[in-house]
Amino acid sequence: MAKNRMYRTERFRGPLMRISYAWQLFTPREAGENSRGGYGCTLIMPKKDDWSSIQAKIKECVTNQWGDRGAEKWKQGLIKNPIIDGAGKEARNKETGDLHPGMGEDVQFIRVASGADRRPQVYDQNVVLLTDADDCPSGSWGYPVLNAYCWHNDQNGDGVSFGIE
């Protein structure tokens, strides 16, 4: 049976965001029960900042993948939103309930990923390629190069996520 091709945007430069779990940009996570493995990080930004480039790519995905029906499902909250509240359940330690560092009422975040065979390219302000996590610790700020893509999972429904280049 052929798999349906899911929509993916062209890559784009995201807004200035704070990097959390930065080590995962240099060392891939192992595949596990809830993860396919690969590279990634969490990108945090104040709610008051301009999220329009991120929101536009989400809208592009939903519209191109599911059309008018998708737009209606999006309005009803039936398509998973990749923008996560910085004070919500996903921003907290599962055991203690405490907020992870950098999280709070005033921020939102997205989780970004790339496959284990595609390490993201991380550059400093002088456009020098960084190869070590010590050169880009968690808490650093940067402009990510992203793409948005749609997905479907029989258990979790439909959603939009972001890849990092």
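Note that this is a predicted model, so its numbers are computed, not measured.
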Q: Taking the side chain as every heavy atom from C-beta outward, state whether Ile110 and Met45 have any atom pair closer than 4.5 Å.
A: no
Q. Are Tyr149 and Leu78 connected in a single hydrophobic cluster, I mean Ile/Leu/Val/Met/Phe/Trp/Tyr linked by side-chain heavy atoms less than 4.5 Å apart?
A. no
Q. Got Asn81 and Ile58 here, is their nearest side-chain heavy-atom distance under 4.5 Å?
A. yes
Q: Give the minimum heavy-atom separation between Arg18 and Gly139, together with the two atoms involved.
A: NE-O, 3.4 Å
Q) What distance do Met17 atom CE and Trp141 atom CH2 have between them, rounded to the nearest 0.5 Å? A) 9.0 Å
**Q.** Backbone of Cys41 reached by a side-chain donor or acceptor of Arg111 within 3.5 Å
**A.** no
Q) Does some side-chain heavy atom of His100 sit less than 4.5 Å from a side-chain heavy atom of Tyr21? A) yes
Q. Taking the side chain as C-beta and beyond, is there a heavy-atom pair between Leu43 and Phe162 under 4.5 Å?
A. no
Q) Taking C-beta and beyond as the side chain, do Asp106 and Lys48 meet within less than 4.5 Å on heavy atoms? A) no
Q.
Whether the side chain of Gln65 engages the backbone of Thr63 through a donor-acceptor N/O pair (distance < 3.5 Å, no angle test) should be reported.
A. no
Q) Given Lys59 and Trp74, is the side-chain contact (heavy atoms from CB on, under 4.5 Å) satisfied, shown in steps? A) CA-CA 9 Å; Lys59 182 178 180 180; Trp74 177 260; over 6 Å; no
Q.
Is it the case that atom CZ in Arg11 sees more than 12 heavy atoms from other parts of the structure closer than 6.0 Å?
A. no
(Q) Quick check: closest heavy atoms across Gly97 and Arg92, and the distance to 0.1 Å? (A) O-NH1, 2.9 Å
**Q.** Side chain proximity check, Pro15 to Ile54, heavy atoms < 4.5 angstrom
**A.** yes
Q: First locate atom CG of Asp85, then atom CD of Glu90, and finally report the distance between them rounded to the nearest 0.5 Å.
A: 10.0 Å
Q) Would a 4.5 Å heavy-atom cut-off, applied to side chains only, mark Val128 and Asp135 as touching? A) no
Q) Would Leu146 and Leu25 show up in the same hydrophobic cluster when neighbours are defined by side-chain heavy atoms closer than 4.5 Å? A) yes
Q | Criterion side-chain contact (heavy atoms from CB on, under 4.5 Å) on Val62 and Cys150, from CA distance to verdict | A | CA-CA 7 Å; Val62 169; Cys150 298; 5.7 Å; no
Q. Which atom names give the shortest non-hydrogen contact between Trp51 and Phe109, and what distance separates them?
A. CH2-N, 4.1 Å
Q: Establish, yes or no, whether the cationic atom of Lys57 lies under 6.0 Å from the six-membered ring centre of Phe12 and within 45° of the ring axis.
A: yes
Q | Any side-chain donor near an acceptor of the partner, Asp154 and His152, under 3.5 Å | A | yes
Q. Between Gly102 and Ile44, what is the shortest heavy-atom contact and its length?
A. O-CG2, 3.9 Å
Q.
With a 4.5 Å cut-off on side-chain heavy-atom distances among I, L, V, M, F, W and Y, is there a chain of contacts connecting Ile19 to Tyr39?
A. no
Q) Has Asp68 got more than 12 heavy atoms of other residues, nucleotides or ligands less than 6.0 Å from its CG? A) no
(Q) Any side-chain to backbone donor/acceptor pair from Thr9 onto Ala148? Under 3.5 Å, distance only. (A) yes
Q) Is Ile83 reachable from Leu16 through a run of I, L, V, M, F, W or Y residues, each pair having side-chain heavy atoms under 4.5 Å apart? A) no
Q.
Take a 6.0 Å sphere around CD of Gln76 and say whether it holds more than 12 heavy atoms from other residues, nucleotides or ligands.
A. yes
(Q) Strictly distance-based, threshold 3.5 Å: is any side-chain N or O of Ser138 a donor or acceptor partner for the main-chain N or O of Ala22? (A) yes
Q | Rounded distance (nearest 0.5 Å) linking atom OG1 of Thr131 with atom CD of Gln121 | A | 10.5 Å
(Q) Working to the nearest 0.5 angstrom, can you tell me the gap between Ile79 CD1 and Lys73 NZ? (A) 5.0 Å
Q: Before giving the answer on side-chain contact (heavy atoms from CB on, under 4.5 Å), spell out for Ile84 and Met103 the whole-Å C-alpha distance, their side-chain angles and the decisive distance to 0.1 Å.
A: CA-CA 11 Å; Ile84 305 167; Met103 298 297 172; over 6 Å; no
(Q) Grouping I, L, V, M, F, W and Y whenever their side-chain heavy atoms are under 4.5 Å apart, do Val145 and Leu130 come out in a common cluster? (A) no
Q) Quick one: does Trp151's side chain get under 4.5 Å of Asn156's, heavy atoms only? A) yes
(Q) Which heavy atom of Arg118 sits nearest to which heavy atom of Ser114, and what is that distance? (A) O-OG, 2.7 Å
Q | Glu165 atom CD, over 12 foreign heavy atoms within 6.0 Å | A | yes
